[in-house]
Amino acid sequence: SMMRDISGVSDLERALGKFMQTKDCIVVPGNTDESSWVKYELGRACLNHMKDHLKDQNTIAVTGGTTIAAVAEALTTDFSNKELLFVPARGGIGTDVKNQANTICEVMAEKTNSNHMVLYVPDQVSENIYEFFKNEPYVFEVLSEIRSANIVIHGIGEALTMAKRRKTSEEDMKKIVEGKAVAEAFGYYFNENGEVVHKVQTIGLQLEDLDKIDTIYAVAGGESKAKAIKAYMKIAPKNTILVTDEAVSKLILKG
Ligand code: F6P
(Lines give C-alpha, C1' and ligand atoms only; values in the text may rest on other atoms or scores of the structure.)
Protein backbone atom coordinates (compact mmCIF):
# COMPACT_ATOMS: atom_id res chain seq x y z
CA SER A 1 0.00 0.00 0.00
CA MET A 2 0.92 3.67 -0.23
CA MET A 3 1.43 3.90 3.55
CA ARG A 4 3.77 0.94 3.51
CA ASP A 5 5.76 2.49 0.70
CA ILE A 6 6.16 5.72 2.58
CA SER A 7 7.29 4.10 5.80
CA GLY A 8 9.54 1.85 3.72
CA VAL A 9 11.35 4.91 2.44
CA SER A 10 11.75 6.40 5.90
CA ASP A 11 13.21 3.12 7.17
CA LEU A 12 15.67 3.31 4.30
CA GLU A 13 16.52 6.89 5.22
CA ARG A 14 17.31 5.87 8.77
CA ALA A 15 19.35 2.85 7.75
CA LEU A 16 21.27 4.79 5.11
CA GLY A 17 21.92 7.71 7.46
CA LYS A 18 23.42 5.31 9.96
CA PHE A 19 25.48 3.54 7.31
CA MET A 20 26.80 6.80 5.85
CA GLN A 21 27.23 8.48 9.24
CA THR A 22 26.05 11.70 7.76
CA LYS A 23 23.74 14.44 8.98
CA ASP A 24 20.73 13.27 7.05
CA CYS A 25 19.63 11.09 4.15
CA ILE A 26 16.59 11.76 2.04
CA VAL A 27 15.37 8.88 -0.11
CA VAL A 28 12.81 9.21 -2.90
CA PRO A 29 10.97 6.21 -4.38
CA GLY A 30 12.15 4.76 -7.70
CA ASN A 31 15.35 4.39 -9.68
CA THR A 32 16.94 7.36 -11.46
CA ASP A 33 18.58 5.02 -14.00
CA GLU A 34 15.19 3.72 -15.12
CA SER A 35 12.91 6.74 -15.04
CA SER A 36 14.12 10.25 -15.65
CA TRP A 37 11.34 11.79 -13.53
CA VAL A 38 13.05 10.39 -10.44
CA LYS A 39 15.73 13.06 -10.95
CA TYR A 40 13.04 15.68 -10.71
CA GLU A 41 11.82 14.03 -7.49
CA LEU A 42 15.36 14.21 -6.11
CA GLY A 43 15.25 17.89 -6.96
CA ARG A 44 11.93 18.40 -5.22
CA ALA A 45 13.07 16.52 -2.13
CA CYS A 46 16.25 18.59 -1.95
CA LEU A 47 14.33 21.86 -2.31
CA ASN A 48 11.71 20.84 0.24
CA HIS A 49 14.41 20.34 2.79
CA MET A 50 16.26 23.48 1.77
CA LYS A 51 13.15 25.62 2.12
CA ASP A 52 13.26 25.14 5.89
CA HIS A 53 16.95 25.88 6.13
CA LEU A 54 17.15 29.21 4.36
CA LYS A 55 18.34 32.36 6.07
CA ASP A 56 17.15 35.82 5.09
CA GLN A 57 20.16 36.12 2.80
CA ASN A 58 21.63 33.05 1.12
CA THR A 59 24.47 32.32 -1.20
CA ILE A 60 23.93 28.98 -2.85
CA ALA A 61 26.83 27.37 -4.71
CA VAL A 62 25.86 24.72 -7.25
CA THR A 63 27.67 22.27 -9.50
CA GLY A 64 26.69 21.10 -12.96
CA GLY A 65 25.28 17.79 -14.21
CA THR A 66 21.85 16.53 -15.22
CA THR A 67 20.76 15.90 -11.61
CA ILE A 68 21.44 19.45 -10.46
CA ALA A 69 19.81 20.68 -13.68
CA ALA A 70 16.71 18.78 -12.49
CA VAL A 71 16.94 20.54 -9.11
CA ALA A 72 16.82 23.81 -11.05
CA GLU A 73 13.78 22.61 -12.98
CA ALA A 74 11.99 21.83 -9.72
CA LEU A 75 12.51 25.34 -8.28
CA THR A 76 9.47 27.54 -7.89
CA THR A 77 8.73 31.16 -7.02
CA ASP A 78 7.98 29.98 -3.43
CA PHE A 79 11.58 30.78 -2.81
CA SER A 80 11.38 34.41 -3.89
CA ASN A 81 10.57 35.69 -0.40
CA LYS A 82 14.17 35.08 0.67
CA GLU A 83 17.25 36.71 -0.75
CA LEU A 84 19.09 34.20 -2.90
CA LEU A 85 22.30 34.46 -4.87
CA PHE A 86 23.29 31.49 -7.03
CA VAL A 87 26.94 30.95 -7.84
CA PRO A 88 28.73 28.12 -9.65
CA ALA A 89 30.78 26.08 -7.16
CA ARG A 90 33.81 25.80 -9.42
CA GLY A 91 34.91 27.32 -12.69
CA GLY A 92 34.91 25.64 -16.02
CA ILE A 93 34.50 21.91 -15.32
CA GLY A 94 32.65 20.11 -18.08
CA THR A 95 31.93 20.91 -21.66
CA ASP A 96 28.18 20.34 -21.81
CA VAL A 97 26.77 23.89 -21.75
CA LYS A 98 23.20 22.96 -20.89
CA ASN A 99 24.22 21.15 -17.74
CA GLN A 100 27.02 23.47 -16.76
CA ALA A 101 26.94 25.14 -13.34
CA ASN A 102 26.81 28.59 -14.96
CA THR A 103 23.69 27.74 -16.93
CA ILE A 104 22.07 26.04 -13.94
CA CYS A 105 22.68 29.15 -11.80
CA GLU A 106 21.00 31.27 -14.43
CA VAL A 107 17.94 28.99 -14.52
CA MET A 108 17.76 28.91 -10.72
CA ALA A 109 17.92 32.69 -10.49
CA GLU A 110 15.28 33.08 -13.19
CA LYS A 111 12.90 30.65 -11.50
CA THR A 112 13.16 32.38 -8.15
CA ASN A 113 13.46 35.99 -9.34
CA SER A 114 16.85 36.24 -7.74
CA ASN A 115 20.46 36.89 -8.70
CA HIS A 116 23.29 34.77 -10.01
CA MET A 117 26.91 35.11 -10.95
CA VAL A 118 28.92 33.21 -13.54
CA LEU A 119 32.46 31.90 -13.54
CA TYR A 120 33.98 31.16 -16.92
CA VAL A 121 37.39 29.67 -16.41
CA PRO A 122 38.89 27.11 -18.76
CA ASP A 123 40.08 23.77 -17.36
CA GLN A 124 43.63 22.55 -17.46
CA VAL A 125 45.36 25.89 -17.83
CA SER A 126 48.72 26.79 -16.38
CA GLU A 127 49.25 28.09 -12.85
CA ASN A 128 50.05 31.58 -14.21
CA ILE A 129 46.74 31.83 -15.98
CA TYR A 130 44.94 30.94 -12.75
CA GLU A 131 46.74 33.64 -10.83
CA PHE A 132 45.75 36.09 -13.53
CA PHE A 133 42.10 34.99 -13.46
CA LYS A 134 41.79 35.06 -9.69
CA ASN A 135 42.71 38.71 -9.60
CA GLU A 136 40.27 39.83 -12.25
CA PRO A 137 37.84 42.04 -10.24
CA TYR A 138 34.69 40.16 -11.29
CA VAL A 139 36.24 36.73 -10.77
CA PHE A 140 37.59 37.88 -7.40
CA GLU A 141 34.07 38.87 -6.39
CA VAL A 142 32.55 35.57 -7.50
CA LEU A 143 35.25 33.65 -5.65
CA SER A 144 34.53 35.49 -2.41
CA GLU A 145 30.81 34.80 -2.81
CA ILE A 146 31.57 31.11 -3.36
CA ARG A 147 33.68 30.99 -0.23
CA SER A 148 30.95 32.59 1.84
CA ALA A 149 28.18 30.31 0.54
CA ASN A 150 25.89 28.94 3.25
CA ILE A 151 24.44 26.24 1.02
CA VAL A 152 26.04 23.94 -1.55
CA ILE A 153 24.09 21.72 -3.92
CA HIS A 154 26.24 19.24 -5.79
CA GLY A 155 26.12 16.09 -7.87
CA ILE A 156 28.09 12.87 -7.55
CA GLY A 157 29.06 10.98 -10.69
CA GLU A 158 30.54 7.66 -11.65
CA ALA A 159 34.24 8.35 -12.32
CA LEU A 160 34.69 6.95 -15.82
CA THR A 161 31.38 8.32 -17.05
CA MET A 162 32.46 11.76 -15.92
CA ALA A 163 35.98 11.47 -17.28
CA LYS A 164 34.58 10.55 -20.70
CA ARG A 165 31.93 13.25 -20.59
CA ARG A 166 34.68 15.77 -19.94
CA LYS A 167 36.88 14.63 -22.80
CA THR A 168 39.68 14.07 -20.31
CA SER A 169 43.21 13.96 -21.71
CA GLU A 170 44.92 10.59 -22.12
CA GLU A 171 47.37 11.41 -19.38
CA ASP A 172 44.67 12.25 -16.83
CA MET A 173 42.59 9.29 -17.97
CA LYS A 174 45.51 7.10 -17.06
CA LYS A 175 45.60 8.55 -13.54
CA ILE A 176 41.88 7.97 -13.16
CA VAL A 177 41.99 4.38 -14.43
CA GLU A 178 45.17 3.37 -12.65
CA GLY A 179 43.98 5.06 -9.48
CA LYS A 180 40.83 2.90 -9.71
CA ALA A 181 38.58 5.92 -9.39
CA VAL A 182 34.92 5.11 -8.85
CA ALA A 183 33.49 8.49 -7.90
CA GLU A 184 33.65 12.08 -9.01
CA ALA A 185 32.41 15.25 -7.30
CA PHE A 186 33.51 18.90 -7.67
CA GLY A 187 36.13 17.84 -10.23
CA TYR A 188 37.80 15.44 -7.78
CA TYR A 189 38.10 11.74 -8.62
CA PHE A 190 37.99 9.28 -5.70
CA ASN A 191 38.80 5.60 -5.30
CA GLU A 192 36.65 3.19 -3.29
CA ASN A 193 38.18 4.38 -0.02
CA GLY A 194 37.35 7.99 -0.80
CA GLU A 195 40.96 8.93 -1.54
CA VAL A 196 41.56 11.58 -4.21
CA VAL A 197 43.35 10.04 -7.20
CA HIS A 198 42.98 12.98 -9.55
CA LYS A 199 41.69 16.53 -9.43
CA VAL A 200 40.65 18.87 -12.23
CA GLN A 201 42.66 22.04 -11.76
CA THR A 202 40.23 24.89 -11.49
CA ILE A 203 39.30 27.78 -9.22
CA GLY A 204 36.30 28.01 -6.92
CA LEU A 205 35.26 25.72 -4.11
CA GLN A 206 37.92 23.25 -3.00
CA LEU A 207 37.12 20.10 -1.09
CA GLU A 208 38.60 21.53 2.11
CA ASP A 209 36.26 24.55 1.92
CA LEU A 210 33.22 22.33 2.40
CA ASP A 211 33.74 21.95 6.15
CA LYS A 212 32.87 25.60 6.63
CA ILE A 213 29.56 25.39 4.75
CA ASP A 214 26.40 25.08 6.88
CA THR A 215 24.28 22.93 4.61
CA ILE A 216 25.49 20.71 1.80
CA TYR A 217 23.21 18.69 -0.44
CA ALA A 218 24.74 15.78 -2.34
CA VAL A 219 22.11 14.84 -4.90
CA ALA A 220 22.63 11.59 -6.80
CA GLY A 221 20.53 8.56 -7.59
CA GLY A 222 20.47 5.42 -9.73
CA GLU A 223 22.01 2.00 -9.16
CA SER A 224 24.86 2.87 -11.53
CA LYS A 225 26.09 5.35 -8.91
CA ALA A 226 26.19 2.89 -5.99
CA LYS A 227 29.99 2.70 -5.78
CA ALA A 228 30.34 6.40 -6.46
CA ILE A 229 27.94 7.45 -3.71
CA LYS A 230 29.45 5.00 -1.24
CA ALA A 231 33.00 6.18 -1.94
CA TYR A 232 32.26 9.89 -1.90
CA MET A 233 30.19 9.66 1.27
CA LYS A 234 33.19 8.14 3.06
CA ILE A 235 34.91 11.50 2.98
CA ALA A 236 31.92 13.81 2.66
CA PRO A 237 31.79 16.43 5.40
CA LYS A 238 29.38 15.45 8.17
CA ASN A 239 27.16 18.39 7.28
CA THR A 240 26.29 16.67 4.00
CA ILE A 241 22.69 15.70 3.39
CA LEU A 242 22.50 12.90 0.87
CA VAL A 243 19.47 13.09 -1.42
CA THR A 244 19.14 9.83 -3.28
CA ASP A 245 16.74 7.19 -4.58
CA GLU A 246 15.34 3.97 -3.25
CA ALA A 247 17.02 1.68 -5.77
CA VAL A 248 20.58 2.75 -5.07
CA SER A 249 19.93 2.98 -1.32
CA LYS A 250 18.89 -0.66 -1.24
CA LEU A 251 21.88 -1.67 -3.31
CA ILE A 252 24.31 0.19 -1.02
CA LEU A 253 22.78 -1.30 2.12
CA LYS A 254 22.99 -4.80 0.65
CA GLY A 255 26.76 -4.26 0.68
O1 F6P B 1 30.07 18.05 -13.73
C2 F6P B 1 29.39 18.43 -12.59
C3 F6P B 1 28.89 17.25 -11.78
O4 F6P B 1 28.20 17.72 -10.64
C5 F6P B 1 29.98 16.28 -11.35
O6 F6P B 1 30.75 16.72 -10.28
C7 F6P B 1 29.19 15.03 -11.10
O8 F6P B 1 29.98 13.88 -11.15
C9 F6P B 1 28.23 15.07 -12.26
O10 F6P B 1 28.02 16.44 -12.56
C11 F6P B 1 26.95 14.34 -12.07
O12 F6P B 1 26.24 14.39 -13.27
P13 F6P B 1 24.81 13.75 -13.47
O14 F6P B 1 23.93 14.41 -12.46
O15 F6P B 1 24.45 14.12 -14.87
O16 F6P B 1 24.94 12.29 -13.26
Side-chain angles (χ1 to χ4, degrees), residues 28 30-46 60-74 86-108 118-124 146 149 151-168 172-173 176 181-191 194 196-207 209-210 216-233 235-237 240 242-245 247-248:
V28 307
N31 180 355
T32 306
D33 288 341
E34 276 165 16
S35 4
S36 57
W37 54 262
V38 179
K39 262 183 205 172
Y40 186 82
E41 291 305 314
L42 292 175
R44 287 211 319 168
C46 171
I60 306 173
V62 301
T63 68
T66 59
T67 312
I68 309 306
V71 177
E73 283 313 309
F86 293 97
V87 292
R90 299 187 83 202
I93 40 180
T95 43
D96 173 9
V97 176
K98 192 168 147 255
N99 299 314
Q100 222 182 52
N102 286 311
T103 315
I104 292 174
C105 283
E106 194 184 325
V107 174
M108 288 180 161
V118 294
L119 188 57
Y120 288 108
V121 180
D123 297 339
Q124 347 257 353
I146 293 171
I151 299 177
V152 169
I153 308 177
H154 73 93
I156 303 171
E158 193 276 313
L160 291 181
T161 308
M162 285 313 297
K164 281 179 203 145
R165 203 192 278 178
R166 288 187 177 138
K167 304 191 169 64
T168 305
D172 289 347
M173 203 60 165
I176 292 166
V182 295
E184 192 282 345
F186 301 103
Y188 292 78
Y189 289 82
F190 307 89
N191 67 15
V196 177
V197 301
H198 175 63
K199 172 188 172 187
V200 178
Q201 207 64 50
T202 190
I203 57 175
L205 208 65
Q206 309 297 313
L207 212 49
D209 297 329
L210 289 176
I216 304 169
Y217 294 98
V219 194
E223 289 178 326
S224 58
K225 289 190 182 179
K227 277 189 180 166
I229 294 170
K230 214 169 138 183
Y232 175 73
M233 290 308 290
I235 57 91
T240 302
L242 174 66
V243 185
T244 190
D245 68 31
V248 72

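Just so you know, these numbers come straight off a predicted model, no measurement behind them. Just follow the structure's listing: the first ligand is 1, and inside any ligand the first atom is 1.
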| said: Go through it in stages, so that I can follow the logic: the residues are Tyr217 and His154, the test is ring-ring contact (aromatic ring centres under 6.0 Å, His included), and I'd like the CA-CA distance, side-chain angles, deciding distance and then a yes or no. | reply: CA-CA 6 Å; Tyr217 294 98; His154 73 93; 9.5 Å; no
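Of the possible donor and acceptor atoms, none in the side chain of Glu184 sits under 3.5 Å from a partner among the backbone N and O of Val182.
Note: Met108 CE to Ile153 CD1 = 4.5 Å, rounded to the nearest 0.5 Å.
Using a heavy-atom distance under 4.0 Å as the criterion, the protein contacts of ligand 1 are Thr63, Gly64, Gly65, Thr66, Thr67, Gly155, Ile156, Gly157, Met162, Arg165, Arg166, Glu184, Ala185, Phe186, Lys225.
Residues satisfying the side-chain contact (heavy atoms from CB on, under 4.5 Å) criterion with Asn99, sequence neighbours excluded, are Thr66, Ala69, Asp96.
Looking at heavy atoms from C-beta onward, Pro88 lies out of side-chain contact with Val62 at the 4.5 angstrom threshold. The shortest distance between side-chain heavy atoms of Val87 and Ile60 does not fall below 4.5 Å.
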